[in-house]
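See structure below.
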2 protein chains.
Amino acid sequence: MGPLGSYLPYLLNRAGARIATSFGEAVRPLGATLQIWRVLAALRERDGQRMGDLSATTSIDVSTLTRLVDGMEKKALVARRRDPEDARVVVLHVAPEGRRLTRRLLPIAERYEKVALQGFNAEETEQLKAALRRLYVNMDGLESPHKARG
Amino acid sequence: MGPLGSYLPYLLNRAGARIATSFGEAVRPLGATLQIWRVLAALRERDGQRMGDLSATTSIDVSTLTRLVDGMEKKALVARRRDPEDARVVVLHVAPEGRRLTRRLLPIAERYEKVALQGFNAEETEQLKAALRRLYVNMDGLESPHKARG
DNA sequence: TCGATATATTTGCAAATGCAAATATATCAC
DNA sequence: GTGATATATTTGCATTTGCAAATATATCGA
């Protein structure tokens with residue numbers, strides 16, 4: 001077995017952590033964080049998601065999400081609404097302030113995409129993304145049984 | 001722009017976080033953590049590294065590393081030694097208990113490598129690893145100026 | 001040798017995280 | 001309808017994290 005730098009988990013986690021940290025720094029001046037961006041991006045895709053759905057699509061733990069949304073509500077980025085169909089459910093809607101912030105975050109996200117993938121052509125990019133999705137799914141086989149995720 | 005799941009930072013960070021968490025769970029029964037494994041793997045590659053070097057090769061912040069090493073010393077996995085050449089420097093050496101643990105962790109690491117890369121052939125695997133290294137380096141271009149890393 | 005500056009590590013502290021327990025509501029069996 | 005069980009969210013709490021300040025040692029220049 002080779003050095004640490006040849007292990008996939010290391011390479012993957014290292015790259016993932018770095019891009020996350022770096023992105024976080026980039027959006028801080030706008031009063032945002034990586035997690036806020038994820039929630040906004042998820043809601044942009046489909047507004048009015050419930051906490052549980054958001055947790056799944058953003059990969060943010062529900063308990064963390066609760067507190068994150070607390071903060072986002074205070075900033076008027078989103079609004080919680082009780083689902084009238086099922087009062088256990090809370091659905092989240094983007095507020096005007098949230099849409100405004102999303103518009104400002106999008107170019108940053110695009111820039112990150114571009115810089116991170118510098119030197120990758122379209123095919124390589126798609127291959128990489130496909131590999132990352134595949135890998136994520138492969139990990140199902142290792143997840144502890146009781147808390148498998150979507 | 002597409003949904004969250006088409007953004008590279010998201011895909012990357014998600015996969016990286018998942019493999020890290022999962023690996024962490026797998027080694028917990030042995031009293032280890034992902035970070036402990038990283039330090040041991042780094043020392044296995046080269047024993048007697050200084051804190052700063054270890055921080056760089058493992059991507060663990062030095063302050064975190066200090067506390068991590070505190071714990072590892074208590075478990076007799078490693079031993080700190082003051083460098084006689086330069087008393088500012090602390091070098092870390094694996095202890096017998098640490099070697100023993102490393103031997104038990106190696107097969108787990110190999111298994112993770114295998115399962116995560118299920119369905120990837122040798123070429124695809126190398127492509128992915130190369131892409132992750134390249135990506136990591138690309139991020140240099142976005143890092144905030146004052147704290148660039150090796 | 002003394003002071004100034006540089007480098008290496010540790011400590012202080014506050015924020016983020018995630019598990020488990022608590023709470024709230026729903027649904028099912030009877 | 002009532003109690004038991006299931007589902008959704010929040011809260012409690014302990015751990016992890018990383019930045020910034022503090023400490024320790026080294027080196028350089030006068």
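Naming: A, B, ... by sequence-line order, numbering from 1 per chain. Source: prediction; values computed, not measured.
Closest to the side chain of A/Asp70, out of D/dA8, D/dT11, D/dG18, is D/dT11. Of all nucleotides listed (C/dA20, C/dT11, C/dA26), C/dT11 comes nearest to the side chain of B/Ser63. Nearest nucleotide to the B/Met51 side chain, out of C/dT10, D/dT9, D/dG18: C/dT10.
Sequence order on DNA chain C of the closest nucleotides to B/Arg67 and A/Arg67 puts B/Arg67 first from the 5' end.
Between the CZ atom of B/Arg80 and the C1' atom of C/dT9 there is a distance of 9 Å, rounded to whole Å. Taking atom CD of residue A/Gln49 and atom P of nucleotide D/dA8, one finds them 14 Å apart after rounding to whole Å. When rounded to the nearest whole Å, the span between CD1 of B/Ile60 and C1' of D/dT15 equals 16 Å. One can place CD of B/Glu25 at 12 Å from P of C/dG18, the figure rounded to the nearest angstrom. Atom P of nucleotide D/dG18 and atom CZ of A/Arg28 are separated by 13 Å, given to the nearest angstrom. Rounding to whole angstrom units, CD of residue B/Gln35 and P of D/dG18 are separated by 8 Å. For A/Leu68 and C/dA15, the CG to P distance is 15 Å, given to the nearest whole Å. Per the geometry, CG belonging to B/Leu65 stands 8 Å off P belonging to C/dT10, to the nearest Å.
Contact between the side-chain N/O atoms of B/Arg50 and the OP1/OP2 oxygens of C/dT9 is not found at any separation under 4.0 Å. The side chain of B/Thr64 places an N or O atom within less than 4.0 Å of a non-bridging phosphate oxygen (OP1 or OP2) of D/dG18.
Taking only distance into account, the side chain of B/Arg88 never meets the base of C/dT9 through a donor-acceptor pair shorter than 3.5 Å.
More than 12 heavy atoms of other shown residues, nucleotides or ligands fall within 6.0 angstrom of atom CZ in A/Arg82.
For the atom pair A/Leu128 CG and A/Arg133 CZ, the distance stands at 9.5 Å (nearest 0.5 Å).
For A/Asn13 and B/Arg18, the side-chain atoms include no donor-acceptor pair closer than 3.5 Å.
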